[in-house]
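See below for the structure under consideration.
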There are 2 protein chains.
Amino acid sequence: MDVGIAVPGSVPAPTSDDPVRFPAACPTRVVLSHVTSRWGVLVLLALGDGPVRWGELRRTIEGISEKMLASTLRTLEHDGIVHREVFPSVPPRVDYSLTESGRELAARLVPLMDWIVENADAIVDRH
Amino acid sequence: MDVGIAVPGSVPAPTSDDPVRFPAACPTRVVLSHVTSRWGVLVLLALGDGPVRWGELRRTIEGISEKMLASTLRTLEHDGIVHREVFPSVPPRVDYSLTESGRELAARLVPLMDWIVENADAIVDRH
DNA sequence: CAGAATCCTGTGAGATACTG
DNA sequence: CAGTATCTCACAGGATTCTG
């Protein structure tokens with residue numbers, strides 16, 4: 001019921017159409033949070049060139065804890081982005097790789113990371 | 001001083017060359033964290049089509065708090081990614097836009113977000 | 001309108017130790 | 001080797017109130 005309040009002219013009119021381009025209750029928010037989690041991008045990029053073993057990942061991505069590596073991998077695997085393959089050898093061996101879907105995603109992460117690599121120094125120097 | 005330890009043969013040899021592709025103390029880590037912060041990607045995408053006002057951003061990006069909008073914008077502005085322009089009008093008006101550098105970055109975020117939009121439903125349905 | 005200042009909380013993430 | 005199991009906590013992030 002648009003009661004309307006007498007305003008002295010200035011208010012630009014409630015053209016309330018700022019259309020909410022990014023809804024809160026949206027599946028994209030969940031996936032975005034997985035991909036952009038602290039270690040998500042680095043793990044996906046590390047998996048870019050074929051299968052990688054667990055220990056290899058740990059050393060490649062400096063600073064990641066075992067807990068976070070496991071957790072990040074599990075989430076991405078559950079999302080159908082990462083594939084996990086166990087070799088029943090001794091000592092045990094587990095390879096991680098990207099699924100088809102994951103390869104598409106990782107491909108779109110590369111230009112992003114390239115930009116960051118090119119600009120990071122200049123940005124950090126601002127401080 | 002490679003003392004070397006007598007190992008019973010099995011250890012695959014310290015081909016310690018998993019080359020640490022992602023060093024911990026690297027400027028890229030900082031910038032990556034800014035861009036992939038909870039609201040970073042959404043803010044950058046929202047700024048993709050020219051200048052946007054503060055309030056407009058708030059409504060466009062549903063669920064963002066004032067604190068986080070301010071904080072995210074300040075960080076990105078400080079990084080030289082976002083430009084802030086104040087109009088000394090009354091009521092006050094502030095426009096945010098992307099810098100040249102920011103436009104390059106945002107352009108690389110679009111394909112990523114596209115992938116997420118296309119796959120989010122299928123991924124979330126797995127649960 | 002566009003924030004700044006405070007206070008407060010959940011949980012993402014680290015450290016350590018143990019195991020199939 | 002490739003993890004899991006706990007314990008712990010800092011800090012990103014939220015809610016609320018105030019202001020130029």
Side-chain angles (χ1 to χ4, degrees), chain A residues 5 7-16 18 24 29-30 32-43 51-77 82-97, chain B residues 7-16 18 24 29-30 32-43 51-78 82-97:
Chain A
I5 298 180
V7 193
S10 68
V11 179
T15 323
S16 69
D18 299 329
R29 287 279 176 100
V30 177
L32 183 64
S33 78
H34 292 178
V35 174
T36 65
S37 68
R38 172 152 193 201
W39 302 104
V41 172
L42 297 182
V43 165
V52 186
R53 300 186 56 174
W54 162 276
E56 209 174 336
L57 277 174
R58 266 224 77 185
R59 287 181 296 270
T60 300
I61 305 170
E62 198 178 51
I64 195 172
S65 66
E66 296 186 344
K67 176 187 172 184
M68 289 317 299
L69 179 54
S71 159
T72 303
L73 285 170
R74 239 186 293 113
T75 299
L76 294 176
E77 187 198 358
V82 161
H83 176 67
R84 179 174 187 269
E85 187 160 11
V86 182
F87 297 91
S89 59
V90 50
R93 168 189 182 135
V94 181
D95 278 7
Y96 290 91
S97 56
Chain B
V7 193
S10 69
V11 179
T15 322
S16 69
D18 300 328
R29 288 278 177 101
V30 177
L32 183 63
S33 78
H34 293 177
V35 174
T36 65
S37 67
R38 173 155 189 198
W39 302 103
V41 173
L42 296 182
V43 165
V52 185
R53 299 186 57 175
W54 161 277
E56 210 173 335
L57 277 174
R58 266 224 76 186
R59 287 182 296 271
T60 300
I61 305 170
E62 198 179 50
I64 194 172
S65 66
E66 295 187 345
K67 176 186 172 183
M68 290 316 298
L69 179 55
S71 159
T72 302
L73 284 171
R74 237 187 295 113
T75 299
L76 294 176
E77 187 198 356
H78 194 219
V82 161
H83 175 68
R84 178 174 186 270
E85 186 161 13
V86 182
F87 297 90
S89 59
V90 49
R93 169 190 180 135
V94 181
D95 277 9
Y96 290 91
S97 57

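Naming convention: chains lettered A, B, ... in sequence-line order (proteins, then strands); numbering from 1 in each chain. In this text, all values refer to a predicted model and were calculated from it rather than measured experimentally.
- The distance between atom CG of A:L73 and atom C1' of D:dG3, rounded to the nearest whole Å, is 11 Å.
- The distance between atom NE2 of A:H34 and atom P of C:dA13, rounded to the nearest whole Å, is 11 Å.
- Residue B:P92 places its side chain closer to C:dC1 than to any other of C:dG3, C:dC1, D:dC1.
- In this structure, of C:dT6, C:dA13, D:dG3, it is C:dT6 that holds the atom nearest to the side chain of B:K67.
- A donor-acceptor pair under 3.5 Å is formed between the side chain of A:T36 and the backbone N or O of A:L32.
- Rounded to whole Å, the distance from CG on B:D95 to C1' on C:dC1 is 12 Å.
- Looking at heavy-atom distances under 4.0 Å, A:R38 makes contact with sugar-phosphate atoms alone, never a base.
- Among the atoms of the strands shown, only primed sugar atoms or phosphate atoms (P, OP1, OP2) are found under 4.0 Å from some heavy atom of A:Y96.
- Rounding to the nearest 0.5 angstrom, the gap separating the OG atom in A:S97 from the CZ atom in A:R84 is 11.5 Å.
- At least one side-chain nitrogen or oxygen of A:R53 sits closer than 4.0 Å to the OP1 or OP2 atom of D:dA2.
- For A:E66 and D:dT6, the CD to P distance is 16 Å, given to the nearest whole Å.
- In this structure, B:R59 CZ and B:R53 CZ are separated by 8.5 Å, a value rounded to the nearest 0.5 Å.
- To the nearest angstrom, C1' of D:dA2 lies 11 Å from CZ of A:R59.
- Of the candidates D:dG13, D:dG14, C:dA4, D:dG14 carries the atom nearest the B:S65 side chain, counting heavy atoms from C-beta on.
- Side chain of A:M68, nearest nucleotide from C:dA13, D:dT4, D:dG14: C:dA13.
- Checking side-chain atoms of B:S71 against main-chain N and O of B:K67 turns up no donor-acceptor pair under 3.5 Å.
- Taking only side-chain nitrogens and oxygens, B:R74 comes nearer than 4.0 Å to OP1 or OP2 of C:dA4.
- Summarising the geometry, the separation between CD1 on A:I64 and P on C:dG12 is reported as 15 Å, rounded to the nearest angstrom.
- Between B:L69 atom CG and C:dA2 atom P the separation is 10 Å, expressed in whole Å.
- Contact between the side-chain N/O atoms of B:R84 and the OP1/OP2 oxygens of C:dG3 is found at a separation under 4.0 Å.
- Of the candidate nucleotides C:dC7, D:dA2, C:dA17, D:dA2 has the atom nearest to the side chain of A:W54.
- Rounded to 10 degrees, the angle separating the terminal helix axes of the helix from C:dC1-D:dG20 to C:dG20-D:dC1, each built from five base pairs, is 60°.
- Look at CG on B:L57: it is 13 Å from C1' on C:dG3, rounded to the nearest Å.
- A:R29 and B:E62 get closest at one heavy-atom pair: NH2-O, 2.8 Å.
- Considering CZ of A:R58 and CE of A:M68, their distance stands at 12.0 Å, rounded to 0.5 Å.
- Contact of the A:L57 side chain with the A:L73 side chain is registered, since non-hydrogen atoms from C-beta on lie closer than 4.5 Å.
- The side chain of B:P91 approaches C:dC1 more closely than any other nucleotide in the set C:dC1, C:dA2, D:dT4.
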Self-check item: Steps toward side-chain contact (heavy atoms from CB on, under 4.5 Å) verdict (B:E66, B:W54)
Solution: CA-CA 10 Å; B:E66 295 187 345; B:W54 161 277; 4.2 Å; yes

